[in-house]
Protein chains: 2
Amino acid sequence: MNTQFKKGVLELCVLAQLSQGDKYGYELTESISEKMTLATGTLYLILKRLKDEGYFETYLVESAGGPARKYYRISEKGRAYYRQMRKEWYEFIAQVDALLKEPENHD
Amino acid sequence: MNTQFKKGVLELCVLAQLSQGDKYGYELTESISEKMTLATGTLYLILKRLKDEGYFETYLVESAGGPARKYYRISEKGRAYYRQMRKEWYEFIAQVDALLKEPENHD
DNA sequence: ATTAACTATTATTTAATACAATATACTAAG
DNA sequence: CTTAGTATATTGTATTAAATAATAGTTAAT
């Protein structure tokens with residue numbers, strides 16, 4: 001799949017997933033991987049960045065079959081950022097649509 | 001606007017515009033700028049790259065009020081690439097939608 | 001012991017856009 | 001004539017996010 005399309009959008013997807021409830025990094029990688037190809041280490045940098053900016057808090061929970069899971073919980077600031085970013089996303093794809101669907105653009 | 005969202009998509013927009021008829025670089029910048037913010041020099045590198053890959057041919061036409069305009073004409077290869085890329089784009093945004101709209105994701 | 005599955009982290013590379021400067025041609029204003 | 005402004009193309013550098021790939025720790029199974 002087109003790697004470039006994901007720029008900025010993975011961040012949006014992470015925010016969306018965490019707005020639905022706390023998740024740990026590996027779990028996020030798995031759930032987003034169901035919808036698009038995703039390299040294993042990719043999400044951790046996004047998570048770190050968003051946490052550093054105050055959009056998430058984290059806590060550790062012991063795991064039965066591996067190292068402790070680091071859960072991410074979205075903050076109010078994170079929710080506001082998510083709403084804003086989601087709005088921008090939908091506006092953006094509408095504009096792209098307008099460019100792709102201009103007249104004479106048969107097929 | 002979110003710069004990252006444009007990654008890969010500007011290329012798609014250029015292909016879409018040229019699939020509707022020949023245009024010169026400045027003209028493309030103007031028409032795409034109507035839908036999204038776009039720095040002045042940005043498109044030229046995209047145009048050069050796509051031309052180098054055989055998706056466009058170019059020709060010069062004298063201009064009344066400035067340097068000669070370099071027109072870009074899409075090739076058959078370019079049209080095929082455009083169809084493929086447009087397909088990937090719509091599949092991609094559908095997958096993103098699926099992630100944003102999963103249950104419990106109220107607002 | 002070894003392997004495999006689960007989980008986290010991080011250094012390096014790659015690719016596309018933003019930014020900003022340069023250059024050219026022409027027109028209009030002073 | 002000179003200067004400013006608009007139209008047009010080109011290119012070097014900076015920024016940023018994802019891919020790649022390597023490292024490492026924990027537990028269970030062979």
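Bear in mind the structure is a predicted one, so any value in this text is a computation, not a measurement. Naming convention: chains lettered A, B, ... in sequence-line order (proteins, then strands); numbering from 1 in each chain.
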Asker: What's the NZ-P distance between A:Lys70 and D:dG25, to the nearest Å?
Answerer: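 Taking NZ of A:Lys70 and P of D:dG25, I get 16 Å after rounding.
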Asker: Which whole-number value in Å describes the distance from B:Ile46 CD1 to C:dA15 P?
Answerer: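 It works out to 15 Å between those atoms.
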Asker: Listing time: all N or O pairs from protein to nucleotides 22-30 of chain C that are below 3.5 Å?
Answerer:
{"from": "C:dC26", "atom 1": "O3'", "to": "B:Ala64", "atom 2": "O", "distance (Å)": "3.2"}

Asker: Between D:dA9 and B:Tyr24, is there an OP1 or OP2 to side-chain N/O distance shorter than 4.0 Å?
Answerer: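 No, B:Tyr24 has no side-chain N/O under 4.0 Å of OP1/OP2 on D:dA9.
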Asker: Under 3.5 Å, is there a donor-acceptor pair between the A:Gln17 and B:Glu102 side chains?
Answerer: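 Yes, a side-chain donor-acceptor pair sits under 3.5 Å.
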Asker: Do A:Ser75 and A:Glu57 have a side chain donor and acceptor closer than 3.5 Å?
Answerer: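 The answer is no; no qualifying pair exists.
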Asker: Can you tell me if A:Gln84 and A:Glu88 form a side-chain donor-acceptor pair at under 3.5 Å?
Answerer: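 On atom types as modelled, these side chains qualify, holding a pair under 3.5 Å.
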Asker: Quick check on ring-ring contact (aromatic ring centres under 6.0 Å, His included): which of A:Tyr90, A:Phe5, A:Trp89 does B:Phe5 satisfy it with?
Answerer: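 Answer after filtering A:Tyr90, A:Phe5, A:Trp89: A:Trp89.
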Asker: Would you kindly check if the NZ (Lys) or CZ (Arg) of B:Lys70 is within the cone defined by 45 degrees around the ring axis of B:Tyr24 and under 6.0 Å from the six-membered ring centre?
Answerer: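 No, B:Lys70 does not lie over the aromatic ring of B:Tyr24.
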Asker: Taking NZ, NE, NH1 and NH2 as the nitrogens, is one of them in B:Lys87 or B:Glu91 under 4.0 Å from a carboxylate oxygen of the other?
Answerer: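 Salt bridge: yes.
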Asker: Between B:Thr58 and B:Lys51, is there a side-chain donor-acceptor contact under 3.5 Å, judged purely by atom types and distance?
Answerer: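 B:Lys51 vs B:Thr58: donor-acceptor pair found between side chains.
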Asker: Rounded to the nearest Å, what distance is computed from the CG atom of residue A:Leu38 to the P atom of nucleotide C:dA8?
Answerer: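 So the two atoms are 14 Å apart, to the nearest Å.
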Asker: Is there a donor-acceptor contact under 3.5 Å linking the side chains of A:Glu11 and A:Tyr81?
Answerer: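 Indeed, the side chains of A:Glu11 and A:Tyr81 share at least one donor-acceptor pair under 3.5 Å.
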Asker: In whole angstrom, what separates B:Lys23's NZ from D:dT8's P?
Answerer: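 Rounded to whole Å, this separation is 14 Å.
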Asker: Send over the distance from A:Glu27 CD to C:dA5 C1', rounded to a whole Å.
Answerer: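 Going from A:Glu27 (CD) to C:dA5 (C1'), I get 16 Å.
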Asker: Looking only at the side chain of B:Leu10 (C-beta and beyond, no hydrogens), which of the listed nucleotides D:dA19, C:dA18, C:dT7 gets closest?
Answerer: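 Of D:dA19, C:dA18, C:dT7, C:dA18 is nearest to the side chain of B:Leu10.
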Asker: Consider only side-chain heavy atoms of I, L, V, M, F, W and Y, link residues closer than 4.5 Å, and tell whether B:Leu45 and B:Leu10 are in one cluster.
Answerer: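 No, no single cluster joins them.
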Asker: How long is the line joining CG of A:Leu47 and P of D:dA18, in whole Å?
Answerer: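 It is 11 Å, rounded to the nearest whole Å.
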Asker: What protein N or O atoms touch nucleotides 11-16 of chain D N or O atoms at under 3.5 angstrom, if any, and at what distances?
Answerer:
{"from": "D:dT16", "atom 1": "O3'", "to": "B:Gln4", "atom 2": "NE2", "distance (Å)": "3.4"}

Asker: For A:Leu28 and D:dA18, what is the distance between atoms CG and P respectively, to the nearest whole Å?
Answerer: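 So the CG-P distance, A:Leu28 to D:dA18, works out to 14 Å.
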Asker: If you apply the rule side chain to side chain contact (heavy atoms under 4.5 Å, CB included), what do you find for A:Met36 with B:Leu99, and how did you get there?
Answerer: CA-CA 10 Å; A:Met36 63 185 76; B:Leu99 281 168; 3.9 Å; yes
Asker: At 10 degrees resolution, what angle do the end axes of the helix from C:dA1-D:dT30 to C:dG30-D:dC1 form when each is taken over five base pairs?
Answerer: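 Answer for the end axes of this duplex: 10°.
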Asker: Would A:Arg86 count as a cation-pi partner of A:Tyr82, with NZ or CZ less than 6.0 Å from the six-membered ring centre and within 45° of the ring normal?
Answerer: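 Geometry flag: set, cation within 6.0 Å and 45°.
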Asker: Whole angstroms only, please: what is the OH-P distance between A:Tyr72 and C:dT7?
Answerer: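 After rounding, the reported distance stands at 13 Å.
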